[in-house]
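In what follows, every chain begins at residue 1, and chains take the letters A, B, ... in the order their sequences are listed.
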Amino acid sequence: MPDPRRGPNRLGAMSEITREQVEHLAGLARIALTPDEIEKLTGELGHIVDSIAKVQEVAGQDVPATSHPIPLSNVFRDDVVGETLTQEQALAGAPEHDGSRFKVSAILGEEQ
Amino acid sequence: MAARPELMDYDKALEMFEPVVGFEVHVELSTKTKMFSDAPNEFGGEPNTNITPVDLGLPGSLPVVNGQAVKYAISLGLALGCSIAPTSRFARKNYFYPDLAKNYQISQSDEPIAFEGSVEVEMPDGTLFTVPVERAHMEEDAGKLTHVGGSTGRIQGAEYSLVDYNRAGVPLVEIVTHPIIGAEHLAPELGAAYVETIRDIVRGLGISEAKMERGNLRCDANISLRPRGQEKLGTRTETKNVNSFRAVERAIRYEIQRQAAILAAGGSITQETRHWHEDTGRTSAGRPKSDADDYRYFPEPDLLPVEPSLELIDELRAALPESPAVMRTRLKAEWGFTDLEFQDVKNAGLLGEIVETVSAGSSPQAARKWWTGEIARLANAAGPEVEASSLVTPQQVAELITLIDSGELTDRLARQVLEGVIAGEGSPSEVVEKRGLKVVSDDGALIAAIDDALAAQPDVLAKIRDGKVQAAGAVIGAVMKAMKGQADAARVRELVLERAQA
């Protein structure tokens with residue numbers, strides 16, 4: 001029995017977000033989702049996309065795209081050296097280290 | 001061990017296919033601090049000491065843009081003939097790899113600070129080639145990973161990586177070209193010349209050390225082939241780890257030959273990252289392009305847009321130094337080099353070294369002679385990837401030349417001093433001291449040696465008096481031998497001739 005509290009129908013989503021897309025996103029974000037969660041998120045993400053589409057309809061050509069809610073720009077820092085962490089402080093949160101460097105499990109791959 | 005891939009003869013490959021290349025060049029800016037934190041822009045020392053919470057992406061930390069880095073990026077954009085964006089934004093490039101602790105790199109995506117320019121590149125034959133630049137954008141460098149544990153993998157689970165984040169957050173500008181068409185059989189040479197031109201531009205601007213061997217300047221070379229007459233671009237590969245101008249050239253030539261062999265045999269090229277191996281002169285397959293390349297860029301919410309004023313842009317434009325092409329014309333005239341001499345210096349990538357050697361007090365001709373002669377020879381002998389500029393500094397060369405000019409060293413002794421300097425024995429003066437290589441300038445000692453030589457060859461003086469000046473050669477040779485080469489042959493000759501006239 002499908003749970004009536006979740007799923008696309010309850011949210012009335014009309015978007016084209018598919019299960020496959022959610023699985024793909026979860027994979028990219030390294031999040032393990034259960035089949036139930038995938039189903040729920042497929043609906044919720046669809047709903048979010050629909051909501052944004054509605055906002056886009058309202059915003060006319062005269063409204064520029066924005067990435068930040070505060071109308072500020074050009075906030076710069078002077079090129080002056082400040083305080084740094086000590087090596088001990090830097091490594092304090094590391095699950096593993098060799099005394100000077102962070103230790104991570106072997107990475108099969110390359111730098112990006 | 002993979003079988004050696006088949007390569008097509010280069011000329012045949014060019015007959016069948018048209019090469020298209022493109023470059024992504026990363027330039028590390030030499031600001032005092034990092035791109036988004038006030039940690040020192042220094043790495044290579046004690047690991048994980050030049051970092052702040054921002055560089056580790058610790059919770060609650062906030063990046064703030066380094067204003068100087070923005071100015072450097074604008075200057076570089078202008079020098080590349082780019083338009084400067086009235087508004088540009090930073091974006092998060094999301095990927096999971098521990099070279100950055102945040103799991104994203106702050107970069108610029110669809111709103112780079114500089115876009116659409118071009119670079120005039122001088123080819124080895126002196127002609128100019130225009131490389132179209134798509135964009136130059138700001139981003140942060142990543143940390144350094146050291147992989148521990150052999151590839152043998154005998155001990156299960158023993159392999160791991162160690163991460164030093166000192167380099168994480170160092171300001172970078174990435175310069176991306178459009179696909180470059182038309183270089184034809186000179187595509188490899190164009191690659192090397194392009195990267196060298198970028199090096200000259202950033203050095204001229206004084207915004208980067210720009211040493212390839214130190215990774216201040218890094219090049220990824222995109223290469224594809226298309227059959228003659230075909231409009232559509234072929235599938236490209238992206239070759240990384242090309243750490244010298246020569247490597248850029250060799251890697252492009254190799255990829256052209258490799259891809260041509262595959263295509264001619266009816267195969268297809270895999271779109272992938274490839275790694276250049278300097279020792280074998282080959283590339284090997286790296287990571288194929290995949291889902292993981294879906295970086296899900298989105299505007300960096302912690303940073304505000306960069307909106308440089310027209311006044312700032314004009315100010316930076318006015319402060320631009322002369323372009324490398326203009327500078328070359330000027331230097332050639334100032335130095336009085338012949339076309340051939342100048343071309344040799346340029347092709348050897350030694351213009352900058354000679355500029356610095358001359359400004360450290362040497363004559364242009366002496367600087368040219370040493371850099372393109374003995375130093376280049378020693379670099380060659382040290383291996384194909386060794387650049388002359390990595391062996392000695394211009395200041396050391398200038399000091400060496402000063403010692404020669406003042407008569408303290410002969411060319412022969414200077415070569416020994418040079419070896420000592422390269423071996424890390426100190427400055428030229430220190431090597432002279434330690435190795436006892438000073439020229440015997442004590443005329444008394446020279447005259448004594450001349451007298452000994454004349455005693456052994458009593459007829460020489462008479463011959464000289466008869467006008468056979470070349471007879472002095474035998475005496476000079478004997479004196480130089482007695483002095484173990486540590487005498488100025490010209491001075492010995494003078495003394496011998498004086499003796500004959502006495």
Side-chain angles (χ1 to χ4, degrees), chain A residues 17-18 20-32 41 45 48-49 52 63-112, chain B residues 31-33 36-40 46-53 56 58 64-70 87 89 93-99 101 105 142 145-149 159-165 240 273 275 286-287 291-292 294-296 298-301 303-309:
Chain A
I17 296 289
T18 64
E20 287 69 33
Q21 284 172 318
V22 175
E23 285 170 357
H24 175 66
L25 267 179
L28 289 173
R30 305 287 200 276
I31 298 171
L41 283 167
L45 280 174
I48 291 167
V49 170
I52 292 169
V63 179
T66 184
S67 63
H68 210 279
I70 307 167
L72 268 180
S73 63
N74 296 336
V75 174
F76 300 133
R77 177 174 55 77
D78 287 340
D79 190 21
V80 177
V81 173
E83 205 181 327
T84 55
L85 296 172
T86 64
Q87 200 176 53
E88 294 69 38
Q89 288 172 329
L91 296 170
E96 276 194 274
H97 60 81
D98 75 343
S100 69
R101 288 172 292 183
F102 294 79
K103 200 167 167 180
V104 297
S105 46
I107 305 301
L108 297 173
E110 303 146 23
E111 291 176 48
Q112 299 293 305
Chain B
T31 49
K32 294 188 185 69
T33 65
F36 305 112
S37 87
D38 56 5
E46 185 59 24
N48 294 309
T49 52
N50 292 331
I51 52 179
T52 70
L56 286 181
L58 295 182
V64 186
V65 176
N66 182 338
Q68 187 65 57
V70 172
T87 297
R89 256 179 266 268
K93 177 182 179 181
N94 298 281
Y95 67 87
F96 287 86
Y97 195 72
D99 60 358
Q105 178 191 33
L145 261 68
T146 308
H147 303 291
V148 182
E159 294 188 11
Y160 56 94
S161 301
L162 294 168
V163 197
D164 169 13
Y165 287 112
K240 291 179 180 283
T273 301
H275 272 254
R287 203 167 43 85
D291 284 355
D294 186 344
Y295 293 118
R296 293 159 294 142
F298 64 87
E300 167 58 82
L303 294 170
L304 295 157
V306 174
E307 297 179 339
S309 66

Cut-off 4.5 Å, heavy atoms of chain A, and the answer for B:Ser37 is backbone

When the 4.5 angstrom heavy-atom criterion is applied to B:Tyr165 and chain A, the contacting part is side chain

When the 4.5 angstrom heavy-atom criterion is applied to A:Ala94 and chain B, the contacting part is neither

Between A:Val81 and B:Lys32 the two heavy atoms that sit nearest each other are CG2-O, 3.8 Å

Nearest heavy-atom approach of B:Pro47 to A:Ser100 is CB-O, 3.6 Å

Could you walk me through whether B:Leu56 and A:Phe102 pass side-chain contact (heavy atoms from CB on, under 4.5 Å), step by step? CA-CA 11 Å; B:Leu56 286 181; A:Phe102 294 79; 3.9 Å; yes

Separation between OG1 (B:Thr52) and CD (A:Gln89), nearest 0.5 Å, reads 11.5 Å

Residue set satisfying salt bridge (charged side-chain N to carboxylate O under 4.0 Å, His left out) with A:Glu23, at least two apart, ordered chain then number -> A:Arg19

If you tally heavy-atom pairs under 4.5 Å between each of B:Val64, B:Thr49, B:Asn66 and chain A, the highest tally belongs to B:Asn66

Whatever's closer than 4.5 Å to a heavy atom in chain A on B:Pro301 counts as backbone

- Quick check: are there more than 12 heavy atoms from other residues, nucleotides or ligands sitting under 6.0 Å from CD of A:Glu20? yes

Value for CD (B:Glu46) from OG1 (A:Thr86), rounded to nearest 0.5 Å, stands at 11.5 Å

Less than 4.5 Å apart, any side-chain heavy atom of B:Pro53 and any of A:Leu85? yes

The interface call for B:Ile51 against chain A, heavy-atom contacts under 4.5 Å, is both

Checklist entry - So do the side chains of B:Val148 and A:Lys103 get within less than 4.5 Å of each other, counting heavy atoms only? => result no

Of B:Ala69, B:Gly67, B:Pro299, the largest count of non-hydrogen pairs under 4.5 angstrom with chain A goes to B:Gly67

The interface call for A:Glu83 against chain B, heavy-atom contacts under 4.5 Å, is backbone

So, the part of A:Val75 with a heavy atom under 4.5 Å from chain B: the answer is both

Heaviest contributor of heavy-atom pairs below 4.5 Å to chain A, chosen from B:Asp164, B:Thr87, B:Thr31, is B:Thr31

Report task. Apply side-chain contact (heavy atoms from CB on, under 4.5 Å) to B:Val306 and A:Asn74, showing your working. Result -> CA-CA 5 Å; B:Val306 174; A:Asn74 296 336; 4.2 Å; yes

Could you tell me whether the side chain of B:Asn48 reaches within less than 4.5 Å of the side chain of A:His97, counting heavy atoms only?
no

Separation between CG (B:Asn94) and CG (A:Leu28), nearest 0.5 Å, reads 9.0 Å

